Amino acid sequence: MQFFILIICKVSKNHKILYESLSILLTYYKQHKNPMKLIINIINALFFFLILNQSYMIAQIDTKLDSLIKVNQNYLFEDTVKINLQIEIADLSMRSNPEKSIQTINEAIRISNKINQPLFQAQAYRIKGKYFMNQRNFSESINCFSKALNIFEKIGLKEKVANQNAFLGYLWSQNGDIRKGIDYYKAGMEIYKLLGMHGDQANCLGWMAQNFAAISDTSTALKLFTQAIDINKKVNNTQGLINNYNDLSIMYNVTGAYIKAIAYSQNALKLCELNKDETSMANTLLNIGAIYYYIHDINKFNEYSKRALELFKKLDDSYNIAKTSINIGSAYKELKDYQQAYNYHIQAQEILEKFNDKNTLAKCYGNLGEILREQKKIIESIRFHNKALNLYDAENDKPQIATTLYNLIILYQNAPDDILKQIGLNRITLSDTAKSLALKALTLSNESLDPFLKWRILKELSSIYEHEGDYK
């Protein structure tokens, strides 16, 4: 029986959801010795495999996703075949059609709950967690991966438990709780070590090292990076080594050891080229660009960032296209090439408005406001600063709210009379508006503990009161 399942798993590797389902079923069989339930699920899985093969023959012009959607629409039974179809559709449509993805995965969760299939329910929660992770909604993603983790723990699938712990380590770190991220990485690392999965063990060590570096514990970070590199070399884990070298480069860049930082990034880049890994290559190019930015070589920064951007476009990685475009646009802003700066930010804005990352979108709006101010397009600049302000308000980001209010004060104070008229102000009403914004910004700057910002706001307030004749 086990030999038979392994043969099917090998054949099914082209269909990753089926392959994973069969692998889980084999592990479950080994642990619980329930052959009858296993056979029924294998038959369903094989039926799913046949449906997939048939779906690719529907029409040559159809994509894999289109074919799966058609099959799913025509398949009326609510069973594991249906769930597998929906999981694969949700996974494939995650970037191209997020609304379709979340609708489909919710239906998969409903069916797996209805027919009491916890394994498939856990898989569905993983895909839902991945969906929210791509949307940068880390709290919802944590919720989904935690549900998957609980199911895998109850069933006793140790490798899956380790995988979910590793994912949760990343998600908690992205959500701002670095210590909690370390705890989850450590839990995953210990299970991988027990299972003899040394490549994954090294990955967790590297991620833990990242987190220690983020809280400025560089000695612990370096110790963990060294352990990870030793393991990755022993098991020939090239991807792990790429990650380790890049992470060390980032750490040395932040601490000002730029020669070491460039050396580690160049080592990573060579491995990326040997491995033909375009995603890692793009991230490595960004790292090298960042080092040149720190040493104020903006042209070199742009050179490496543009190479990364081209790779992200080739990979259809929308979120990284947007973030890289903002970085390149900001560099052009420093070079006072405002038209190029504007063009790159507009590209980023169009992408980011589809995501849930309010802080990055607000940064994009704020940058556009500053660029348009330099281009003397005051009304448009005010509009973008107000859009940024609304997003920062929603996130309760007090330092950024105060900074944006200050930028608006400067715009209002320096706007010509015809512009003030267009926005419903005049020289008399302007003073009250500017004063109101300045007082609000001052309160927020006190809370954000930014003395330079506070000084700038006080200077503007002083100017407003002096203009009113209130010298006291």
Side-chain angles (χ1 to χ4, degrees), residues 95 134-136 174 210 213-214 243 246-247 249-256 258 261-262 264-266 268-269 272 278-375 381 384-385 387-388 391-392 395 397 399-400 403-404 407:
R95 291 194 181 278
N134 286 343
Q135 294 294 313
R136 316 299 290 177
Q174 291 295 308
Q210 279 183 35
N243 294 338
N246 270 326
D247 293 337
S249 172
I250 292 167
M251 187 179 81
Y252 282 123
N253 185 25
V254 170
T255 57
Y258 302 120
I262 289 173
Y264 274 111
S265 278
Q266 291 292 355
L269 194 59
C272 291
E278 291 181 326
T279 300
S280 295
M281 194 180 297
N283 289 321
T284 303
L285 289 165
L286 285 181
N287 285 347
I288 297 171
I291 298 163
Y292 281 109
Y293 186 85
Y294 269 81
I295 57 178
H296 307 295
D297 190 337
I298 304 299
N299 289 321
K300 276 283 187 185
F301 167 80
N302 269 350
E303 177 193 327
Y304 281 99
S305 297
K306 284 180 180 179
R307 284 173 63 187
L309 182 61
E310 289 309 306
L311 285 172
F312 286 134
K313 286 179 179 177
K314 186 178 176 182
L315 295 163
D316 194 28
D317 186 343
S318 299
Y319 185 72
N320 277 312
I321 290 169
K323 286 190 75 173
T324 307
S325 294
I326 289 175
N327 292 339
I328 295 170
S330 298
Y332 275 117
K333 179 171 167 280
E334 286 194 33
L335 294 170
K336 300 190 186 304
D337 187 341
Y338 297 117
Q339 191 54 51
Q340 284 277 47
Y342 176 81
N343 292 342
Y344 276 100
H345 276 88
I346 287 295
Q347 289 174 32
Q349 175 207 341
E350 290 169 357
I351 296 168
L352 286 170
E353 285 176 344
K354 298 173 185 175
F355 286 88
N356 191 46
D357 188 349
K358 291 177 182 176
N359 276 319
T360 305
L361 181 56
K363 178 185 175 183
C364 182
Y365 286 152
N367 287 356
L368 278 164
E370 291 175 27
I371 292 161
L372 288 161
R373 183 186 66 203
E374 295 294 340
Q375 293 179 310
S381 177
F384 274 108
H385 277 303
K387 289 176 84 166
L391 289 176
Y392 287 133
E395 295 293 290
D397 189 337
Q400 290 301 333
T403 301
T404 308
N407 288 333

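The shown structure was predicted, so the numbers you read here are calculated from the model rather than taken from an experiment.
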d(K323 NZ, I326 CD1) to nearest 0.5 Å is 8.5 Å

Test side-chain hydrogen bond (donor to acceptor under 3.5 Å, both in side chains) on Y319 and D357 and set out the steps. CA-CA 10 Å; Y319 185 72; D357 188 349; 2.3 Å; yes

For S325 and L309, which heavy atoms make the closest approach, and how far apart are they? OG-CD1, 3.8 Å

Could you check whether any side-chain heavy atom of N367 comes within less than 4.5 Å of a side-chain heavy atom of K363, counting everything from C-beta outward? yes

Smallest heavy-atom separation, Y338 atom then K333 atom, equals CE2-O, 3.8 Å

Which pair of heavy atoms, one from Y332 and one from A341, lies closest together, and at what distance? CB-N, 3.7 Å

Heavy-atom closest pair (A331 atom, N302 atom, distance to 0.1 Å) is CB-OD1, 3.3 Å

What distance do N283 atom CG and D247 atom CG have between them, rounded to the nearest 0.5 Å? 10.0 Å

For the pair Y252 and Y264, name the ring-plane relationship: parallel under 30°, tilted 30 to 60°, perpendicular over 60°. parallel

State, to 0.1 Å, how close Q266 and I288 come at their nearest heavy-atom pair, and which atoms those are. NE2-CD1, 4.1 Å

Residues R373, E370: salt bridge by 4.0 Å N-O rule: no

Check C364 against H345 and note the closest heavy-atom contact, atom names and distance. SG-O, 3.4 Å

Spacing of I295 atom CD1 and Y258 atom OH [to the nearest 0.5 Å]: 8.0 Å

Any side-chain heavy atom of M281 sitting closer than 4.5 Å to one from R307? no

Distance (rounded to the nearest 0.5 Å) between S249 OG and N287 CG: 5.5 Å

Approximate separation, where rounding is to 0.5 Å, of L311 CG and L285 CG: 6.5 Å

Is a side-chain donor-acceptor pair under 3.5 Å present for Y365 with E353? yes

Would you mind reporting whether E334 and F301 have side-chain heavy atoms less than 4.5 Å apart? no

What is the ring orientation for Y304 with Y292, classed by angle as parallel under 30°, tilted 30 to 60°, or perpendicular over 60°? parallel

With rounding to the nearest 0.5 angstrom, report the CG to CD1 distance, N343 to I328. 12.0 Å

Under a 4.5 Å cut-off applied to non-hydrogen side-chain atoms, are Q174 and R136 in contact? yes

